[in-house]
Amino acid sequence: MLELELRSTDRDSLFVGASATLGCALSVEGLVPLDGDALLYYVSVEGVPTEAALDHFGDAAESARLIAAASDASLLEVTAPGDSLLGELIARGAHVTDLGAEEGAARLTCETAPNADVRDLVEGVAERFPGVRLVAKREVERSVRTPTEFQQALEERLTDRQRSVLQAAYHAGYFDWPRGSTAEELADSIGVSSPTLHNHLRRAQRKLLAAFFDGET
């Protein structure tokens with residue numbers, strides 16, 4: 001597995017622009033692909049009032065809502081088009097594992113296949129987002145049955161919709177107590193009815209529990 005570390009100063013990128021405009025620090029805690037190439041982000045924002053962050057992302061993205069607020073940070077759910085820096089990386093086969101932005105610069109880490117053409121990937125992304133550059137490239141060895149491999153094996157059993165619903169529910173605080181999001185709010189974010197949401201959640205949870213307790217991957 002190849003691990004790539006990238007840096008972006010492209011203000012047209014959603015989170016680079018937000019960190020510069022708001023003067024804040026932010027990190028993407030979760031990312032869920034939706035139908036129609038849209039992306040659902042769960043973003044932790046520090047150093048700016050919650051309302052200011054909501055107003056900014058409400059204008060810069062398709063929608064934004066508050067999941068949780070604390071004295072020093074807010075967790076927002078942001079829906080944005082897939083035509084973005086992260087969307088471009090995903091379309092080119094990269095798996096984004098970390099993204100943070102501060103003062104108009106973003107750092108992000110992604111994983112690609114060992115035989116991936118890194119130069120082609122980075123140059124292709126830089127054509128769309130000129131402020132992107134490769135900072136480091138590392139080979140990462142995986143031990144037998146790592147958490148990542150377990151996750152990949154489980155994902156093969158989940159449908160795309162089940163995986164998206166389960167990810168969104170997790171990052172939106174649906175499983176927390178008290179809940180960060182209701183079933184109705186979550187269904188609206190994903191674009192399905194409440195009965196459909198519950199159906200996908202139950203099926204996904206059943207597969208997750210089976211994999212954990214019975215080793216059925």
Side-chain angles (χ1 to χ4, degrees), residues 1-20 26-44 57 59-64 76-101 104-140 142 148-149 151-172 189-192 200 204:
M1 184 73 69
L2 288 179
E3 184 178 80
L4 309 180
E5 184 178 340
L6 305 173
R7 187 174 188 272
S8 173
T9 55
D10 197 315
R11 296 293 180 92
D12 289 335
S13 176
L14 179 63
F15 301 114
V16 174
S19 71
L26 57 85
S27 62
V28 175
E29 307 295 338
L31 169 62
V32 182
L34 300 176
D35 291 342
D37 296 328
L39 296 174
L40 195 62
Y41 298 97
Y42 292 91
V43 188
S44 176
F57 283 110
D59 293 335
E62 292 181 356
S63 65
L76 308 182
E77 178 189 81
V78 178
T79 305
D83 184 17
S84 62
L85 174 56
L86 268 67
E88 186 71 19
L89 286 166
I90 293 171
R92 292 178 177 274
H95 173 60
V96 180
T97 58
D98 183 64
L99 184 148
R107 68 190 187 287
L108 60 94
T109 304
C110 62
E111 295 179 345
T112 65
N115 60 348
D117 188 332
V118 175
R119 180 177 179 179
D120 181 68
L121 186 153
V122 175
E123 289 182 350
V125 172
E127 286 182 5
R128 294 286 316 284
F129 300 94
V132 173
R133 66 182 179 87
L134 179 66
V135 176
K137 178 180 72 174
R138 297 178 285 269
E139 290 188 7
V140 181
R142 301 297 188 192
T148 298
E149 290 171 335
Q151 181 184 27
Q152 291 173 344
L154 178 62
E155 286 183 346
E156 291 175 1
R157 293 177 58 88
L158 297 173
T159 66
D160 289 344
R161 176 59 80 181
Q162 288 168 357
R163 181 167 58 252
S164 294
V165 169
L166 196 61
Q167 285 180 307
Y170 173 76
H171 290 297
S189 294
I190 299 171
V192 299
H200 286 312

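Count residues from 1 along the sequence. Since this is a predicted model, take the numbers as computed values, not measurements.
Side-chain contact between Pro81 and Glu62 is present, with at least one heavy-atom pair separated by less than 4.5 Å. The closest side-chain heavy-atom distance from Leu108 to Leu85 is below 4.5 Å. Between Gln167 and Leu40, every side-chain heavy-atom pair lies at or beyond the 4.5 Å cut-off. By the 4.5 Å heavy-atom criterion applied to side chains, Ser27 and Leu99 are not counted as neighbours. The shortest side-chain heavy-atom distance between Val28 and Val96 does not fall under the 4.5 Å cut-off. In this structure the side chain of Arg161 reaches within 4.5 angstrom of the side chain of Val192, judged on heavy atoms.
Listed by chain and number, the residues in a side-chain contact (heavy atoms from CB on, under 4.5 Å) with Ala91 amount to none (sequence neighbours excluded). Evaluation of the salt bridge (Lys or Arg N to Asp or Glu O under 4.0 Å) rule for Asp12 yields no partner, not counting sequence neighbours. Not counting sequence neighbours, the partners of Glu123 by the side-chain contact (heavy atoms from CB on, under 4.5 Å) test are Arg119. Residues that satisfy the salt bridge (Lys or Arg N to Asp or Glu O under 4.0 Å) test with Arg138, not counting sequence neighbours, are Glu3, Glu5. With sequence neighbours left out, Asp160 forms a salt bridge (Lys or Arg N to Asp or Glu O under 4.0 Å) with Arg163. Considering only residues two or more places apart in sequence or on other chains, Arg7 meets the side-chain contact (heavy atoms from CB on, under 4.5 Å) condition with Thr9, Ala105, Arg133, Val135.
For Thr79 and Glu77, the side-chain atoms include no donor-acceptor pair closer than 3.5 Å.
In this structure, Asp98 CG and Glu111 CD are separated by 11.0 Å, a value rounded to the nearest 0.5 Å. In this structure, the separation between NE2 on His171 and CG on Leu166 is 9.5 Å, given to the nearest 0.5 Å.
Taking all atoms of both residues into account, the shortest heavy-atom contact from Ser44 to Glu29 is CB-OE2, 3.4 Å. Of all the heavy atoms in Ala168 and Tyr42, the pair that sits closest is O-OH, 3.4 Å. Residues Pro130 and Asp10 share a closest heavy-atom pair of CD-OD2, 3.0 Å.
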key: Residues Ser84, Leu14; criterion side chain to side chain contact (heavy atoms under 4.5 Å, CB included); working and verdict   = CA-CA 7 Å; Ser84 62; Leu14 179 63; 5.8 Å; no

ask   = Could you walk me through whether Leu26 and Leu76 pass the side chain to side chain contact (heavy atoms under 4.5 Å, CB included) check?
value = CA-CA 10 Å; Leu26 57 85; Leu76 308 182; over 6 Å; no

query = Could you go step by step and tell me if Phe15 and Tyr41 meet the ring pair (Phe, Tyr, Trp, His ring centres under 6.0 Å) rule?
reply = CA-CA 11 Å; Phe15 301 114; Tyr41 298 97; 4.9 Å; yes

task = I would like to know whether Val125 and Leu121 meet side chain to side chain contact (heavy atoms under 4.5 Å, CB included); could you show each step before the answer?
result = CA-CA 6 Å; Val125 172; Leu121 186 153; 4.3 Å; yes

key: Check against side chain to side chain contact (heavy atoms under 4.5 Å, CB included), Thr112 and Leu2   = CA-CA 5 Å; Thr112 65; Leu2 288 179; 3.4 Å; yes

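Between Asp83 and Arg128, at least one side-chain nitrogen of the basic residue sits less than 4.0 Å from a carboxylate oxygen of the acidic one, meeting the salt-bridge criterion.
A donor-acceptor pair under 3.5 Å is formed between the side chain of Thr97 and the backbone N or O of Thr109.
Open room surrounds CG on Asp37; 12 or fewer heavy atoms of other groups in view lie less than 6.0 Å from it.
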